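All remarks here apply to the structure that follows.
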Amino acid sequence: MFALDERAIGRWERGAVRRPSDHYRAALRAVLEVEHDWELGFEESPIDSRLVPGPRGAPPPTVEAIRAMAESVHVIDRRLGGGGLYSSVIAYLQAEVARALFAARSGARVYAAAASLTEIAGWMAHDSGRDVDARTHFDGAYRLALAAGSAALAGNMCASMSHLAGQLGLVHDALRIADVGLERVSQVDGVARVEARVRAMRAKALAQRADRDECLDELTRAERALGGTNDDEHAAWAAHFDEGSLAAEAATALHLLGDLAGAQRHARRVLDLRSGDRVRALAFGRLTLASILLDCGRTDEAAMLGRQVAEIAPTLSSARVRSRLGELALAMRAGPKTAGTTAFLSEMAMLDAGNTPEVISAWPV
């Protein structure tokens, strides 16, 4: 028998114990539904060696290699958070992808592949609390998508930029950029998931503006779009947007509008749909539901969800998860004390949930 308490987690987080013993790692692999220790963040990922720039004079990476790298990084990012591989991805973009872009025979497919990996770098930066860098990456990805002549990719990058603008409270920019994204995806067929994603971002911006009717209409359009086709050349890998993603955005939008019943219904759907390697998405889903339940007065239920996220937070290199945990803790400190909130706040005492967003004042799109 062995115990896993806040002291053990605190030692891992502080780096006092860099590699827990076999039984702890086995337990964590079982709980988080992963196969390898590197997926827990306790050892180097095998992808790190692939991100090392090639020897001088080596040929630039192929389109297939860049796309495979983008998919591999995306899988690890959503499982472990954006902090772990971010610097390696940037080095790969600056060295290897740059050589591919400037190669004599580079064409639209290279630009499209570079756009995809650059967007992922933007999300990793955002997840790490580097929002100025995230905006730079998203802007670069958008321009690469335009160079590739891909309306699907350009629309997808607009969705990412709209999300970031909304997160930073730049509601006018969030709505405007989403409109640009819709204009892009309207130029082609077979981009259903990208259209749904852009419409979901537009719905959130409308909710931030308290425009209830138009927000609900936009969510309905997003759900309708999600059932369409995705046979555009880039639609299959332009956005990993599915029913769980839309449910998460709908929960946030309805919560902003004060529709707690609707928000709770969508948030619970996220938890039903997210499993396996979607560790970070599940954490955000639990935090969203916890915030909604707290507003419903169901404090102990919210605290239980907060504790579940706090327990896995040390395995996630995600400043956004820490920040959301901190917000939940602040809200609970201001409310009545219960056994549940006391237990949650005790766990939070072991975590540093501070995260100050950077200021962005203008968007070029």
Side-chain angles (χ1 to χ4, degrees), residues 78 123 126-127 155-156 158-171 173-179 181-182 185 191-228 230 235 238-275 278-296 298 301-302 305-306 309 320-321 323-324 327-328 331:
R78 71 189 186 188
W123 277 100
H126 176 43
D127 198 41
N156 193 52
C158 285
S160 293
M161 287 190 284
S162 178
H163 165 85
L164 182 58
Q167 289 280 291
L168 296 173
L170 304 173
V171 181
D173 282 331
L175 189 58
R176 178 177 57 80
I177 295 169
D179 287 339
L182 285 179
V185 298
V191 292
R193 290 186 183 275
V194 180
E195 180 187 347
R197 184 177 181 228
V198 176
R199 290 194 179 281
M201 298 308 134
R202 190 172 190 274
K204 281 200 306 184
L206 290 165
Q208 286 180 283
R209 213 172 61 172
D211 193 334
R212 179 183 180 84
D213 291 341
E214 195 171 351
C215 171
L216 296 178
D217 288 344
E218 201 63 76
L219 287 174
T220 299
R221 296 186 192 103
E223 185 176 8
R224 188 182 305 125
L226 198 59
N230 293 279
H240 297 79
F241 194 84
D242 57 15
E243 292 182 25
S245 305
L246 180 55
E249 305 300 352
T252 298
L254 294 177
H255 192 192
L256 287 168
L257 293 174
D259 181 358
L260 298 181
Q264 185 181 156
R265 184 174 64 254
H266 284 286
R268 291 192 184 280
R269 180 160 174 73
V270 174
L271 302 192
D272 290 338
L273 294 172
R274 288 290 178 252
S275 61
R278 305 297 291 269
V279 177
R280 184 179 52 196
L282 183 58
F284 280 125
R286 285 170 172 160
L287 289 168
T288 297
L289 179 57
S291 179
I292 296 165
L293 290 174
L294 194 61
D295 286 347
C296 292
R298 296 161 65 175
E301 290 179 70
L305 289 164
V309 178
R320 286 199 300 149
V321 168
S323 179
R324 290 280 300 275
E327 291 168 6
L328 183 64

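Given the structure is predicted, the values throughout are model-derived calculations rather than measurements.
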Could you check if a side-chain atom of [X] sits within less than 4.5 angstrom of a side-chain atom of [Y], using non-hydrogen atoms only?
X: Met161; Y: Asp173; answer: no
X: Leu175; Y: Leu206; answer: yes
X: Leu216; Y: Arg212; answer: yes

To the closest 0.5 Å, what do you measure between [atom1] ([X]) and [atom2] ([Y])?
X: Ser323; Y: Leu328; atom1: OG; atom2: CG; result: 11.5 Å
X: Glu223; Y: Glu218; atom1: CD; atom2: CD; result: 13.0 Å
X: Asn156; Y: Phe241; atom1: CG; atom2: CZ; result: 10.0 Å
X: Leu219; Y: Leu254; atom1: CG; atom2: CG; result: 6.0 Å
X: Leu170; Y: Leu164; atom1: CG; atom2: CG; result: 8.0 Å
X: Arg199; Y: Leu182; atom1: CZ; atom2: CG; result: 5.0 Å

Taking 4.0 angstrom as the limit, do Asp242 and Arg193 come out as a salt bridge?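 Looking at Asp242 and Arg193, the cut-off is not met.
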Considering non-hydrogen atoms only, spot the tightest contact between [X] and [Y] and give its length.
X: Gly155; Y: Val185; value: CA-CG1, 4.0 Å
X: Ala205; Y: Ala174; value: CB-CB, 4.0 Å
X: Val198; Y: Ala159; value: CG2-CB, 3.9 Å
X: Ala302; Y: Leu294; value: CB-N, 4.0 Å
X: Ala253; Y: Ala207; value: O-CB, 3.5 Å

Please tell me whether [X] and [Y] have a donor and an acceptor in their side chains that are separated by less than 3.5 angstrom.
X: Arg176; Y: Ser162; result: no
X: Thr288; Y: Arg324; result: yes
X: Arg274; Y: Ser245; result: yes
X: Thr220; Y: Asp217; result: no

Asn230 side chain to Ala192 backbone, donor-acceptor under 3.5 Å
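Yes; judged by distance alone, with no hydrogens or angles, the pair exists.
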Treating Gln208 as the side-chain partner and Gly166 as the backbone partner, does any N or O pair qualify as donor plus acceptor under 3.5 Å?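 Looks like yes, one N/O pair under 3.5 Å.
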Query raised in the report: Could you walk me through whether Glu327 and Ser291 pass the side-chain contact (heavy atoms from CB on, under 4.5 Å) check?
Result: CA-CA 9 Å; Glu327 291 168 6; Ser291 179; over 6 Å; no
| task | Mind telling me whether His126 and His163 have parallel, tilted or perpendicular rings, with 30° and 60° as the class edges? | result |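 Plane angle over 60°, so perpendicular.
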Item to complete: Sequence neighbours left out, what passes salt bridge (Lys or Arg N to Asp or Glu O under 4.0 Å) with Glu249? Give chain and number order.
Response: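 In terms of salt bridge (Lys or Arg N to Asp or Glu O under 4.0 Å), with neighbours along the sequence ignored, Glu249 is linked to Lys204.
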- Message: Between Leu273 and Arg269, is the side-chain contact (heavy atoms from CB on, under 4.5 Å) condition met? List the steps.
- Response: CA-CA 6 Å; Leu273 294 172; Arg269 180 160 174 73; 3.7 Å; yes
**Request:** Could you go through the side-chain contact (heavy atoms from CB on, under 4.5 Å) check for Ile177 and Met201 one step at a time?
**Result:** CA-CA 9 Å; Ile177 295 169; Met201 298 308 134; over 6 Å; no
Stepwise, does the side-chain contact (heavy atoms from CB on, under 4.5 Å) test hold for Val321 with Val309?
CA-CA 8 Å; Val321 168; Val309 178; 3.8 Å; yes
Which side-chain N or O atoms in residues 256-266 pair as donor and acceptor under 3.5 Å with protein atoms at least two apart or in another chain?
{"unit_1": "Asp259", "atom_1": "OD1", "unit_2": "Gly262", "atom_2": "N", "d": "2.9"}
{"unit_1": "Gln264", "atom_1": "OE1", "unit_2": "Arg268", "atom_2": "NE", "d": "3.2"}
{"unit_1": "Gln264", "atom_1": "OE1", "unit_2": "Arg268", "atom_2": "NH2", "d": "3.2"}
{"unit_1": "Gln264", "atom_1": "OE1", "unit_2": "Arg298", "atom_2": "NH1", "d": "3.2"}

Fill in: salt bridge (Lys or Arg N to Asp or Glu O under 4.0 Å) between Arg221 and Glu195, worked out
CA-CA 9 Å; Arg221 296 186 192 103; Glu195 180 187 347; over 6 Å; no
